[in-house]
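Take a look at the structure set out below.
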Amino acid sequence: MVTVIVGAQWGDEGKGKIVDVLSEESDIVARYQGGANAGHTLVCNGKTIVLHLIPSGILHEHVQCVIGNGVVLDPVALQQEIAMLENMGISVRGRLFISHKAHVIMPYHKLLDHAREQHQGIGTTGRGIGPAYIDKYSRVGIRVVDLLDRNVLEEKLRANLAEKNAILEKLYHAERLDIEAIVAEYLEFDRFIDDFVTDTTMLLANAISQGKRVLAEGAQGSLLDVDHGTYPFVTSSNPTSGGACTGLGISPRAIERIVGVAKAYSTRVGNGPFPTELQGPLGDQLRALGGEYGATTGRPRRCGWLDLVALQYSVLVNGITELALTKLDVLSTFSTIPVCIGYRLGGKRLKTFPVDVPTLEAVEPEYIELDGWQRPLDDVTTFDELPPQAQQLIALIEQHCGVPVTLISTGAERHQLVWR
């Protein structure tokens, strides 16, 4: 059985906590796309842990973790993450498996990412993710398997650096990169990860055939999907549920459950349209209450009210079977809670979520105002214990999206979760 976890908004929905909790009933947790530009934040016994590449299932000793072929691998970030976990006494060796088909982020990818961001202003993290995916689809990328042979690695690097150095020098006025230094660095990285590398496609196929429980997780969110998001203000891969098949090499027929994770409000990092965004003091208050700062970059997130038009669209493109609602507790301060239930453009109500930027920037959100509950949710352990006003919000989400809300997060700690 395969369960897929997807972000149902613009990322930062709290997927790390949901993956962490669902990992308790899983045998394998597999990451299927993105890179170290993602950050999953977990709070365990008052301690905050941020993971960028390794699935948060690593915190459960019985779980095996997979980094699939759809991920672009940052050697520096991976080594730092493994060291952090081992220093915490968490075993990684023998439990973490990395696809030999995963592409590797090279030093020139990060330089190009920074340089292009200054010109384009998309709002990337500068971690080299986009340029690495460009090389992948240009068929000049370097994969983990290429690190096994120094001659192959040198040949590919020489071909790549002839182009990359010319671009860096002439277009961006940056220094040339030294091929010998890069070869030495990445051969050392190969020695480091050699014990982790395997054919993860076969590993997962065997696990599924044996009836093991696989949890597939993506990074970012559906509205940042390169095909189905608010292009061009998107990521460079497919965080939607279809990305799990290509990013791990599993059959769509193996997927039985798709859990969409959404906040009880909306946030977005970087540039791009955001219909329900709150400007001024109210947006600042929501950001402060929710601690809305990027786990990877520390950038303040743009904040706004819950957008059910966008959420309904995510349910559609992912085939979401149930929703996990996070950060419900953040809304406990407000006396009224506006929720966007439609868009208007030129006086007409739109029937679908528009993903072209000019239209989405021009829409006027149509809100319904719900009463707030204005009391903490710290002591809530069952759905019936939720304030009636909070239950009304959840019922509205279910009505508009057509799927049940089965998990409700009422705080940052692992145990602060209501199951339905």
Side-chain angles (χ1 to χ4, degrees), residues 6-18 38 41 123 219-225 228-230 233-235 239-240 260-295 299-318 320 323-334 336-344 350 352-355 357 359-370 372 390 393-394 396-398 400-401 403 405 408-409:
V6 295
Q9 295 163 313
W10 279 284
D12 310 307
E13 301 96 347
K15 295 183 293 298
K17 176 178 178 176
I18 303 303
T41 304
Q220 292 91 30
S222 301
L223 301 180
L224 293 178
D225 187 279
H228 302 290
T230 52
F233 301 99
V234 291
T235 193
T240 42
V261 185
K263 281 177 183 165
Y265 52 98
S266 301
T267 63
R268 178 164 196 165
V269 173
N271 301 324
F274 186 179
T276 64
E277 183 173 11
L278 291 168
Q279 305 283 359
L282 200 54
D284 294 339
Q285 182 185 10
L286 193 55
R287 183 180 303 110
L289 289 169
E292 296 296 349
Y293 297 89
R299 290 183 295 181
R301 296 176 184 141
R302 301 156 63 190
C303 297
W305 298 121
L306 180 62
D307 186 338
L308 292 184
V309 182
L311 188 54
Q312 187 180 38
Y313 172 73
S314 287
V315 170
L316 173 72
V317 297
N318 287 290
I320 288 171
L323 286 166
L325 189 68
T326 63
K327 293 201 171 183
L328 183 63
D329 54 300
V330 173
L331 298 181
S332 297
T333 299
F334 300 96
T336 59
I337 300 170
V339 178
C340 174
I341 58 170
Y343 294 159
R344 289 194 173 274
L350 300 183
T352 58
F353 177 78
V355 291
V357 168
T359 301
L360 199 55
E361 286 180 334
V363 299
E364 296 179 11
E366 180 181 314
Y367 291 102
I368 183 173
E369 286 205 348
L370 303 180
L393 171 60
I394 292 165
L396 181 67
I397 294 169
E398 292 179 327
H400 272 260
C401 295
V403 293
V405 176
I408 303 152
S409 177

Do [X] side-chain atoms and [Y] backbone N/O form a donor-acceptor pair below 3.5 Å?
X	Y	result
Q9	Y265	yes
R302	G270	yes
R268	E277	no
K15	A219	no
T267	R301	no

Which is it for K17 and T326 under the side chain to side chain contact (heavy atoms under 4.5 Å, CB included) test, yes or no, and what are the steps along the way? CA-CA 9 Å; K17 176 178 178 176; T326 63; over 6 Å; no
With rounding to the nearest 0.5 angstrom, report the [atom1] to [atom2] distance, [X] to [Y].
X	Y	atom1	atom2	result
L396	I368	CG	CD1	5.5 Å
N271	T230	CG	OG1	10.5 Å
L278	D284	CG	CG	10.0 Å
H228	F353	NE2	CZ	13.0 Å
Y367	D307	OH	CG	7.5 Å
L311	C401	CG	SG	3.5 Å

Ring centroid separation F233 to W10 under 6.0 Å: no
For E364, I'd like to know if atom CD has over 12 heavy atoms of other residues, nucleotides or ligands within 6.0 Å. no
Do K263 and E292 sit within salt-bridge range, that is, some charged N less than 4.0 Å from a carboxylate O? yes
Start with the C-alpha gap between I408 and I394, add the side-chain angles, then the distance that decides, and say whether side chain to side chain contact (heavy atoms under 4.5 Å, CB included) holds. CA-CA 9 Å; I408 303 152; I394 292 165; 3.6 Å; yes
Side chain to side chain donor-acceptor pair (under 3.5 Å) between N318 and T240: does it pass, once the steps are laid out? CA-CA 6 Å; N318 287 290; T240 42; 4.7 Å; no
